[in-house]
Amino acid sequence: MINAFCSISSSSPKFLNAMINDHVRNGRLIDARKLFDENPHGRNVTSWNSMLNGYIKNDQIRLACQLFDEMPERDVVSWNTLLAGFRRIGDSEQVVRRFVQMERIGVIPTEVTFTTVISAISNIGFEALVQQLHARVILLAFSSNVFVATALIGGYANLGDSIDLRIVFDEISVKNVTSWNALISGYMKLGCMDEARLAFETMPGRNIVSWTSLVHGYVCNKMPDEARCCFDKMPERNVFSWTVMISGYEKNGKFVEALELFLSMRESGVCPNQSTFSSALSACAGCSSLFIGKQVHVGILKSGLPLDVVLLSSLVDMYAKCGHVNAAIRAFEAMPEKNLVSWNSTICGFARHGFGVKALEQFERMKKHGIRPDYITFVSLLSACGHGGFLEEGERYFSSMERDFGIKPRIEHYACMVDLYGRAGQIDKAEKLIREMPFEPDVVVLGALLAACGVHSDLEHGLVAAELMYKLERDHPAIYSLLSKIYGDRGGWNEVIELRKVMKEMGAKKQKGSSWIQPSFCVS
DNA sequence: CTAGGGTTAG
């Protein structure tokens, strides 16, 4: 009896494959491989495919590639599986490359192939391929396939094409909740609020993802109150829904609301994950709440979640922004692997708390570690130079960013430079920079110039700056407070009185400085 | 045996 069983298991590919799949489903990769190796004669393409899938589902893409190369024969499923593997790790380039390769050697793609490729390129970079793949989908009569069409909805959403988005959706012969959800997300991404709402209301059945997509859509369209209203109506919430709403408040600058909601989540019994904690830390960073930030930190440690790079960088950033620069550095040093973001956070932390020299030193360390700076690094560096009064260093960094690092200065960088020149009293240089920069000056740039004119009581340039600012934002308080300061300095009291009157009429008020009051609740 | 929708630091 036992012998009979053994002979079936080793000679029947069907049975062998079922066993391999069972192992893979339960994460027993080693057992699957052992079974696979022990039955060299009972294997067919499907066994190889199952093994390939096993590596991919267990995030062993390298081993998967190795196995793929060893395969004696490959069918379209082998290719589809490999493509899915690259998509899984977000390697769109490999997906496209392998897809082209497979076509070249004459493997006929299936609906699965298109679903995988289209959804992989929807992320970024190959958007132009969406229409071309769509054309092939039409020719092969795959348009009505719900999987293919759902992937195409995402593709057209990325292209900003709400018309084709709808056409693709209408082509689906049997729509399901996933395709409706893709439609909602797509419309929301393009800012088509009414269409998204209508789709949500008319769809036959909603699930938790539909609700979460709607909430997320409101968040992305800067409507946090609408989002909350929808969030409150949800029949059930999971960690995704909570995280979307918490990070939504955070992204819209409603930091206290974000933290209050984080507290409610803890009371609800739903466990936060790395994203949730990360968003909570950002909210603490946003409102400089060191008190809550520390408690969130403890919560992370107590949760036992793996500390990934994203989470640890949020932690560094929180401490840096809350002014606890030492803790930021300690958290940074404790990171097993550091990335650009965590380096940036430390440089930014030094810069904004007046440790200009340390910010520059940290930048040098970062370069020694072989990390390439990005535009954010330079914003921090230039602002460090501004706060420290390092005019020459600032000029040097500014000119090196494009020359040595290929980073085109953005308007933020020009604003830093205007600030730098302005503080040094070189208002003409600041003005020249503004005239020559390839952007229209914005409120930040003009604000820096106005501030400089105020500090140095430069009436002539101050008036010009104020006039420009007036065109952008006629009731910007900086205009009036700074002009009145300049006139006041020079004893032009009639002008000051006149200005005060105008300010009163417009309701402009001098911006008040205030300290951050810690919200008086606790997060355990 | 292979496929689609919702979160993530500066």
Side-chain angles (χ1 to χ4, degrees), chain A residues 13-14 17-18 20-21 24 44-54 56-57 75-85 87-88 109-120 122 142 145-155 157 172 176-186 188 207-217 219-220 238-248 250-251 272-282 285 308-318 320-321 339-349 374-377 379-380:
Chain A
K14 218 172 174 178
N17 297 344
I20 293 176
N21 289 331
V24 167
N44 57 13
V45 201
T46 305
S47 330
W48 284 87
N49 290 342
S50 297
M51 204 54 235
L52 189 64
N53 185 41
I56 281 162
K57 291 289 146 67
D75 61 7
V76 65
V77 176
S78 326
W79 284 95
N80 289 346
T81 309
L82 187 73
L83 293 174
R87 188 196 101 97
R88 193 181 160 93
T110 64
E111 289 99 320
V112 180
T113 320
F114 284 104
T115 307
T116 306
V117 177
I118 291 167
S119 68
S122 297
F142 291 158
N145 179 287
V146 63
F147 283 89
V148 177
T150 303
L152 277 170
I153 291 172
I172 303 173
N176 60 17
V177 64
T178 305
S179 42
W180 278 99
N181 290 345
L183 187 72
I184 294 171
S185 306
M188 277 298 195
N207 63 12
I208 195 163
V209 179
S210 327
W211 283 94
T212 310
S213 303
L214 201 65
V215 173
H216 184 225
V219 162
C220 291
N238 62 11
V239 62
F240 276 78
S241 354
W242 283 99
T243 307
V244 165
M245 195 60 236
I246 293 168
S247 80
E250 187 272 316
K251 279 186 227 156
N273 63 17
Q274 282 103 325
S275 304
T276 326
F277 278 122
S278 179
S279 302
L281 287 172
S282 299
D308 63 25
V309 204
V310 174
L311 191 56
L312 290 171
S313 351
S314 315
L315 198 61
V316 173
D317 196 56
M318 183 278 290
K321 291 239 172 86
N339 63 5
L340 178 61
V341 174
S342 46
W343 281 98
N344 279 351
S345 293
T346 57
I347 296 173
C348 174
D374 67 352
Y375 81 96
I376 295 193
T377 319
V379 172
S380 297

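Residue numbers start from 1 in every chain, and the chains themselves are labelled A, B, ... in the order their sequence lines are given, proteins ahead of strands.
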| query | Has the side chain of N238(A) got a donor or acceptor atom that lies under 3.5 Å from a matching backbone atom of S241(A)? | reply | yes

| query | W180(A): what forms a ring-ring contact (aromatic ring centres under 6.0 Å, His included) with it, not counting sequence neighbours? | reply | F169(A)

| said: Rounded to whole Å, how long is the line connecting atom CD of E250(A) with atom P of dT8(B)? | reply: 9 Å

| query | Got S179(A) and L183(A) here, is their nearest side-chain heavy-atom distance under 4.5 Å? | reply | no

| Interatomic distance where CH2 belongs to W48(A) and C1' belongs to dT2(B) [whole Å] | 18 Å

| said: Against N344(A), only a single residue in V341(A), L340(A), T346(A) fulfils side chain to side chain contact (heavy atoms under 4.5 Å, CB included); can you say which? | reply: L340(A)

| task | Can you figure out which of dG4(B), dA3(B), dT7(B) approaches the side chain of N176(A) most closely? | result | dG4(B)

| task | Measure from the side chain of V341(A), starting at C-beta and using heavy atoms only, and say which of dA3(B), dC1(B), dG10(B) lies closest. | result | dG10(B)

| Touch class at under 4.0 angstrom, heavy-atom based, for S314(A) against every strand present | sugar-phosphate

| query | Any side-chain N or O of S247(A) under 4.0 Å from OP1/OP2 of dT8(B)? | reply | yes

| said: Using the side-chain heavy atoms of N344(A), tell me which of these nucleotides is nearest: dG6(B), dG10(B), dT2(B). | reply: dG10(B)

| task | Give a yes/no on whether any side-chain N or O of N53(A) is located under 4.0 angstrom from OP1 or OP2 of dC1(B). | result | no

| query | Rounding to a whole Å, what distance do you find between I20(A):CD1 and dC1(B):C1'? | reply | 10 Å

| message | Rounded to whole Å, how long is the line connecting atom CD1 of I184(A) with atom P of dG6(B)? | response | 11 Å

| message | Assess, by modelled atom type and distance only, whether the side chains of N44(A) and S47(A) contain a donor and an acceptor separated by less than 3.5 Å. | response | yes

| query | Any chance the side chains of N49(A) and D75(A) put a donor and an acceptor closer than 3.5 Å? | reply | yes

| Among dA9(B), dA3(B), dG6(B), which nucleotide sits nearest the side chain of S241(A)? | dG6(B)

| request: Answer with yes or no whether N145(A) presents, from its side chain, a donor or acceptor under 3.5 Å of a partner atom in the base of dG4(B). | output: no

| query | Which part of the nucleic acid, if any, lies within reach of L183(A) when heavy atoms closer than 4.0 Å are counted: base, sugar-phosphate only, or nothing? | reply | nothing

| Nearest-Å distance, CG (D308(A)) to P (dT8(B))? | 14 Å

| message | Can you tell me which nucleotide in dC1(B), dT8(B), dG6(B) comes closest to the side chain of V209(A)? | response | dG6(B)

| Does the base of dA3(B) carry an N or O that pairs as donor and acceptor with the side chain of T115(A) under 3.5 Å? | yes

| request: Identify which nucleotide among dT8(B), dG10(B), dC1(B) has an atom closest to any side-chain atom of S275(A), counting heavy atoms from C-beta outward. | output: dT8(B)

| request: Report which part of the nucleic acid V76(A) touches: base, sugar-phosphate, or nothing (heavy-atom distance under 4.0 Å, all strands). | output: nothing

| Protein-nucleotide distance (D374(A), atom CG; dA9(B), atom C1'), rounded to Å | 12 Å

| query | What nucleotide among dT2(B), dG10(B), dT7(B) has an atom nearest to a side-chain atom of V244(A)? | reply | dT7(B)

| Any idea which of dG10(B), dT7(B), dA3(B) is nearest the S345(A) side chain? | dG10(B)

| request: Specify the separation, in whole Å, of atom CG of L315(A) and atom P of dG10(B). | output: 13 Å

| Do any side-chain nitrogens or oxygens of K251(A) fall under 4.0 Å of OP1 or OP2 in dA9(B)? | no

| Can you tell me how far P of dG6(B) sits from CD1 of I153(A), to the nearest Å? | 11 Å

| said: If you only use heavy atoms from C-beta on, which nucleotide in dG6(B), dG4(B), dT2(B) is closest to the side chain of V77(A)? | reply: dT2(B)

| query | Is the phosphate of dG4(B), meaning OP1 or OP2, less than 4.0 Å from a side-chain N or O of R87(A)? | reply | yes

| Counting any heavy atom closer than 4.0 Å, what does L214(A) reach on the DNA or RNA strands: base, sugar-phosphate only, or nothing? | nothing

| Is the closest side-chain donor-acceptor distance between T276(A) and T243(A) under 3.5 Å? | yes

| query | Any donor-acceptor pair under 3.5 Å joining the side chain of S313(A) to the base of dA9(B)? | reply | yes

| message | Please pick, from dA9(B), dG4(B), dT2(B), the nucleotide with the shortest atom-to-atom distance to any side-chain atom of S278(A). | response | dA9(B)

